[in-house]
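See structure below.
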Amino acid sequence: MYRAPRGTSDILPGEQAYWRYVEQKVVDICQLYGYERIDSPVFEDTGLFTRSVGPGTDIVEKEMYTFTDKGGNQVTLRPEGTAPVCRAYLEHGLHNLPQPVKLYYLAAVFRYERPQAGRYRQHHQFGFEAIGDASPALDAEVIDMSWQFFLSLGLRHLSLLLNSIGCRQCRPGYLRRLEEYYAGHAEALCPDCKVRLERNTLRLLDCKKPACQKLAGLAPRSADNLCPDCAAHFDQLKRYLDRLEIPYTVNHRLVRGLDYYTRTVFEIQPMSGGSQSTLGGGGRYDDLIEELGGKPTPAIGLAAGIERMILNLKQQGVAVPPLAKPGVFLAHIGEEARDEAMKLASGLRRSGTGVILATGNRSLKAQLRQANSAGVRYAVIMGEEEIRAGKVILRDMVNAEQQSVPMSELPALLG
RNA sequence: GUGAGUGUAGCCCAGUGGUCUAAGGCGCCAGGUUGUGGCCCUGGAUAUCGAGGGUUCAAAUCCCUCCACUCACCCCA
């Protein structure tokens, strides 16, 4: 028997209310802040991701679903959402629009990883991007929007982590200081961190091993090593957030996994978070558009995982509104009634009344049982006798009262 | 890629060598008199006990291999 591929899953009808709920909240918040939807292809030229995400990152090194198509093109199922949006921004000349351009997406993303709680090979992200403005006021707006979004979902006990990792000017100097610091403590590092020291110094900061955390706590902080412009930007952002009463925590060990981030980085996670708990993360990527062949264009955005949101909604017992369904079940007895019922059902639906029509020729008892489990308010019963009189039985499934009514009055009674 | 745990019906699961021609619950189907649901009662269908190999007179139960799932690491949403 075939199964869904590892790390993927079917979203069955019973789960859909959560998805529609989250999607509606996404649409609402984006409308509120003036972000417009964009949908990009599921796959892109591989180069778009290797160039933007960064050749040294895990995503590019081992997690991409890359294949050669029949035309010999190297393509990759998108492992993240920002690069495609930037590509679209350049491809369609969106820099000609008033800046910043504000876009959002809801999309499946693909990473070849070992699945575990809150981590899948195909998962879904909501993300939004504000492209073409360097002001810290935009950082504040994006973070505010992110925060308000999670609140609007009904999630509580969240924390907002904030940091600045500098820019092209100041980061190299900071990384050197960090390397120097760690070089003096190389013996004390865990095996993973010894590798990180060679490959990705920033990542040393967020190792979870207690010994490494202790070292990271004493390590030089990026926020203390910013150039004057970055420092001013970070200060201004914090002032804005204070003003907006957004409860952020500066975390000097917060670094993000993709190479394109500059200056502001932030992450939102549940306070009681176990592993794989980050709900969303984002930051500035002021050099990315230029890296992809555009003019220097500052930008900032957020990406958040929908599966993790739903996980948290369930954990926190947030009730989501049920999906709409038909309120009427149409039962029938006998051949003649069945034909008549089909016609009636179709007529009701054409006038906008949702109807579940019994199929087959099951007993009335069975049909009503089905009506009950379908959760309808009314059952309409068509029997031979009623049809001859031009009537049907209208049964209220809640208070178990029923009456015989003329078929012509049914639309009004049910509407 | 690494480590640990688990695999019995659609779902939750009992069963740790013979009484298992596999128990129970949920769900599903049908009955409890003629054309009426939810509660209750009765009955029924659904399981090559993850797959293959081995040990044994005898394996769901022991051993080996493989596969899948779960959790954790790595990393990320």
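Quick caveat, the model's predicted, so the values are computed rather than measured. The sequence lines fix the lettering, A, B, ..., with proteins before strands; numbering per chain opens at 1.
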Distances for protein N or O near nucleotides 27-32 of chain B N or O, under 3.5 Å:
residue: B:A30; atom: OP1; partner: A:Arg362; partner atom: NH1; Å: 3.4
residue: B:A30; atom: OP2; partner: A:Arg369; partner atom: NH2; Å: 2.7

Produce the list of close N/O pairs, under 3.5 Å, pairing protein atoms with atoms of nucleotides 1-4 of chain B; give distances to one decimal.
residue: B:U2; atom: O4; partner: A:Arg114; partner atom: NH1; Å: 3.0
residue: B:U2; atom: O4; partner: A:Arg114; partner atom: NH2; Å: 3.4
residue: B:G3; atom: O6; partner: A:Arg114; partner atom: NH2; Å: 3.4

Non-neighbouring partners of [X] that pass side-chain hydrogen bond (donor to acceptor under 3.5 Å, both in side chains), sequence neighbours left out:
X: A:Gln125; result: A:His123
X: A:Glu384; result: none
X: A:Tyr120; result: none

For the base of B:C75, is there a side-chain donor-acceptor partner from A:Arg256 under 3.5 Å away? no
By side chain to side chain contact (heavy atoms under 4.5 Å, CB included), which residues pair with A:Glu23, not counting sequence neighbours? A:Trp19, A:Arg20, A:Leu106
Show me, pair by pair, the donor-acceptor contacts under 3.5 angstrom made by side chains of residues 398-414 of chain A, not counting sequence neighbours?
residue: A:Asn399; atom: OD1; partner: A:Glu401; partner atom: N; Å: 3.0
residue: A:Gln402; atom: OE1; partner: A:Arg395; partner atom: NH1; Å: 2.8

NZ/NE/NH1/NH2 to OD/OE distance under 4.0 Å, A:Arg338 and A:Glu335: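 Salt bridge flag = yes for A:Glu335 with A:Arg338.
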Quick one: list whatever passes ring-ring contact (aromatic ring centres under 6.0 Å, His included) with A:Phe67, sequence neighbours left out. none
Run the ring-ring contact (aromatic ring centres under 6.0 Å, His included) test against A:Tyr35 and tell me which residues pass, sequence neighbours left out.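 Here the qualifying residues are A:Phe128.
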Show the distances under 3.5 angstrom between N or O atoms of the protein and N or O atoms of nucleotides 39-47 of chain B.
none

Tell me which donor-acceptor pairs under 3.5 Å the side chains of residues 74-82 of chain A have, and how far apart each pair is, sequence neighbours excluded?
residue: A:Gln74; atom: NE2; partner: A:Thr68; partner atom: OG1; Å: 2.7
residue: A:Thr76; atom: OG1; partner: A:Thr46; partner atom: OG1; Å: 2.7
residue: A:Thr76; atom: OG1; partner: A:Thr66; partner atom: OG1; Å: 2.8
residue: A:Arg78; atom: NE; partner: A:Ala108; partner atom: O; Å: 2.7
residue: A:Arg78; atom: NH1; partner: A:Ser40; partner atom: O; Å: 3.0
residue: A:Arg78; atom: NH1; partner: A:Ser40; partner atom: OG; Å: 3.3
residue: A:Arg78; atom: NH1; partner: A:Pro41; partner atom: O; Å: 2.7
residue: A:Arg78; atom: NH2; partner: A:Ala108; partner atom: O; Å: 3.3
residue: A:Glu80; atom: OE1; partner: A:Thr82; partner atom: N; Å: 3.2
residue: A:Glu80; atom: OE1; partner: A:Tyr260; partner atom: OH; Å: 2.5
residue: A:Glu80; atom: OE2; partner: A:Thr82; partner atom: N; Å: 3.4
residue: A:Glu80; atom: OE2; partner: A:Ala83; partner atom: N; Å: 2.7
residue: A:Thr82; atom: OG1; partner: A:Glu129; partner atom: OE2; Å: 2.9
residue: A:Thr82; atom: OG1; partner: A:Tyr260; partner atom: OH; Å: 3.4

Which donor-acceptor pairs under 3.5 Å do the side chains of residues 305-312 of chain A make with protein atoms, sequence neighbours left out?
residue: A:Glu307; atom: OE1; partner: A:His124; partner atom: N; Å: 2.9
residue: A:Glu307; atom: OE2; partner: A:His124; partner atom: N; Å: 3.4
residue: A:Glu307; atom: OE2; partner: A:His124; partner atom: ND1; Å: 2.8
residue: A:Arg308; atom: NE; partner: A:Gly118; partner atom: O; Å: 2.7
residue: A:Arg308; atom: NE; partner: A:Gln276; partner atom: O; Å: 3.3
residue: A:Arg308; atom: NH1; partner: A:Thr278; partner atom: O; Å: 2.9
residue: A:Arg308; atom: NH2; partner: A:Gly118; partner atom: O; Å: 3.0
residue: A:Asn312; atom: ND2; partner: A:Arg308; partner atom: O; Å: 2.8

